[in-house]
Amino acid sequence: MSDLLKYILTQDSFRKNRLPSLYSDFSTQKKTNPDGYHVNATAWEQALVKAARNGYIASSSGSSPGSEAAQKRKSNHLVLRVDDGLVRDLESPQLGRPVALGSVFEDAVWNRVMVPLQLFKASGTSLRKPQWGLIDTTALSPWNVMVWGLKQIRGIVVGAVSDGGKLQAQELVLVENLQEAADKVVRRVMGSNPSRTDLIYTKEGFVESFATILDEESELSNADFDVLLLYLSRDKGAIAYDGKTIRFRPTNDSPKEITQQDTTIASIRSLTTTMSKQVEGLEKKIAELNTTAKAALNNKNRVSALAAVRSKKLAEHNLQQRLDTLAQLEQVYLKIEQAQDQVEYVKVMQASTGVLRGLNAQVGDVSKVEDVVEELHEEMSKVDEIGNIMGEAGPQIDDTEIDDELQELESLERAAKEEEEAEKTRKQLAELDNLGLETKGAIRKAPLDQNVGSALEESIEKLSRMSVEENA
């Protein structure tokens, strides 16, 4: 059982009890049982699209998905090759080959879930536009149109089974995976606040940077990258691309053509990456030679030790050259970044100058501004004069009457305060009288053996407390 089939059998729509229906010729149900037909066809479409997204579709180069030898295998994630090899990979030991795949691909193409690769490349219309169709007479040659017409007459359409019972060999673009990969690439680049130079790649650098954009365990194939770059440039408008150099476009106003400056910057970035890899390789080689020399000395093998040291010295010399070159490249790259920032700064300053010039033209010359300010001051003084006149027209109040009324209010306030203090004093005197009577009574009622002084002390303590409360 192939890895592709193992993966598909893990999908919910491919439960064991549904396999006989999925592997049968359910194309006959297209008219008799449309709902059942749609469920089966959709299950195959989604399973194949997901399998491709996760790297289970072999690339045309012949690499085997799921191989343990390759850590990063190349697989077709965006392009599905329909042929006998695909059918063999989907063959079940119990149920044999799926019979209705021809109808599945026919519907997928008709619904634009999948698009023939040749038509996708030849079409001048963006895949994102609703009017994109299977047949575009402006993009296809007369020969292709005639062939398509003959196939319609014979009842054979794209994706159908031929007279021999085999699928028509073709390559189909998986639209959902293509759009997902393109969106992820754009988000990764634009989400890191790149500089102008960081937006530029060589094709090799682009392939290396985004090989695992859909799946960390498998890389996009060469066919995938051809489709992805075409979609990003033609359909999405996210990049400018001339076949060798890629420049991302942050806005719709960004240039659509690759310039010589873009090509040079891409070359510098590519060379810097290459030199960095060489430096890493030389450092690793020097460490290995150093280990070899030590081992040879421990084994008293002077000849091998000398050879290892000699190779190490040569590697160190090469390493120093690479480091010097890498430092120069990085310096040049930084200067280019600085120059581009300066260009953008000058452009902004020029645009700002134009804006200020336009605004100043609307304001006019200095004499006009002075006249406006003078007129403003005159109008403001008129407002003050009108306010003064209206104030004079109001009722006149005698200041003497105001002073007399204020003194009367103050006298009433003082009288109320004195009355409050007198009432407080009367209450305190009454309390003292009551306290004296209580003391006399306590002395009379006290037994002979009780100290009369204790009653007096209690009275004195109460008087002290009253004195303290009064002071507070």
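Residue numbers start at 1 and run along the sequence shown.
Judged purely by distance below 3.5 Å, without hydrogens or angles, the side chains of S195 and D198 pair a donor atom with an acceptor atom. D324 and Q320 share a side-chain donor-acceptor pair at under 3.5 Å.
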Under the criterion side chain to side chain contact (heavy atoms under 4.5 Å, CB included), I'd like the reasoning laid out for R88 against R97: C-alpha separation, chi angles, the key distance, then a yes or no. CA-CA 7 Å; R88 283 195 301 270; R97 296 187 175 188; 3.1 Å; yes
From CA spacing to verdict: side chain to side chain contact (heavy atoms under 4.5 Å, CB included), D107, N111: CA-CA 6 Å; D107 281 359; N111 296 324; 4.3 Å; yes
Between V185 and F248, is the side chain to side chain contact (heavy atoms under 4.5 Å, CB included) condition met? List the steps. CA-CA 10 Å; V185 168; F248 282 85; 3.7 Å; yes
One pair to check against side chain to side chain contact (heavy atoms under 4.5 Å, CB included): Y37 and K31. What are the steps and the verdict? CA-CA 9 Å; Y37 171 82; K31 294 182 179 180; over 6 Å; no
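In this structure, L86 and L4 have side chains that are in contact, with non-hydrogen atoms separated by less than 4.5 Å. Under the 4.5 Å side-chain criterion, counting only non-hydrogen atoms from C-beta, F210 is not in contact with K184. Contact check for D89 versus I57: no side-chain heavy atoms found under the 4.5 Å cut-off. The closest side-chain heavy-atom distance from L90 to W44 is below 4.5 Å. Contact annotation: the side chain of Q170 never approaches that of L117 to less than 4.5 Å [non-hydrogen atoms, C-beta and beyond]. Using a 4.5 Å heavy-atom cutoff, the side chains of T10 and K6 are not in contact. T245 places none of its side-chain heavy atoms less than 4.5 Å from the side chain of I265.
The backbone N or O of L230 lies less than 3.5 Å from a partner atom in the side chain of S233, making a donor-acceptor pair. The main-chain N or O of L78 is found under 3.5 Å from a side-chain atom of D224 such that the two form a donor-acceptor pair. Between the N290 side chain and the I286 main chain, no donor and acceptor come within less than 3.5 Å of each other. When atom types are taken as modelled, the side chain of D3 and the backbone of Y56 share no donor-acceptor pair closer than 3.5 angstrom. With S254 contributing its side chain and R249 its backbone, the two residues share no donor-acceptor pair below 3.5 Å. Panel note: side chain S352, backbone V348; a donor-acceptor pair is recorded below 3.5 Å. At least one donor-acceptor pair closer than 3.5 Å links the side chain of S24 to the backbone N or O of S21. At least one donor-acceptor pair closer than 3.5 Å links the side chain of R247 to the backbone N or O of P255.
In this structure, F206 has its ring center at least 6.0 angstrom away from the ring center of Y241.
The environment of R53 atom CZ is dense: over 12 non-hydrogen atoms of other residues, nucleotides or ligands sit within 6.0 angstrom. Heavy-atom contacts from other residues, nucleotides or ligands closer than 6.0 Å to CG of D12 number 12 or fewer. Heavy-atom contacts from other residues, nucleotides or ligands closer than 6.0 Å to CG of N360 number more than 12.
Applying the salt bridge (charged side-chain N to carboxylate O under 4.0 Å, His left out) rule to pairs touching residues 277-293 yields E208-K277, sequence neighbours excluded. Listed by first and then second residue, the salt bridge (charged side-chain N to carboxylate O under 4.0 Å, His left out) pairs that reach into residues 371-391 are E379-K382, sequence neighbours excluded.
Residues satisfying the side-chain hydrogen bond (donor to acceptor under 3.5 Å, both in side chains) test with S209, not counting sequence neighbours, are none.
In summary, D226 and K203 engage in a salt bridge, as defined by a charged side-chain N under 4.0 Å from a carboxylate O.
In this structure, R269 is not positioned above the aromatic face of Y333 in the sense of NZ or CZ being under 6.0 Å from the six-membered ring centre and within 45° of the axis.
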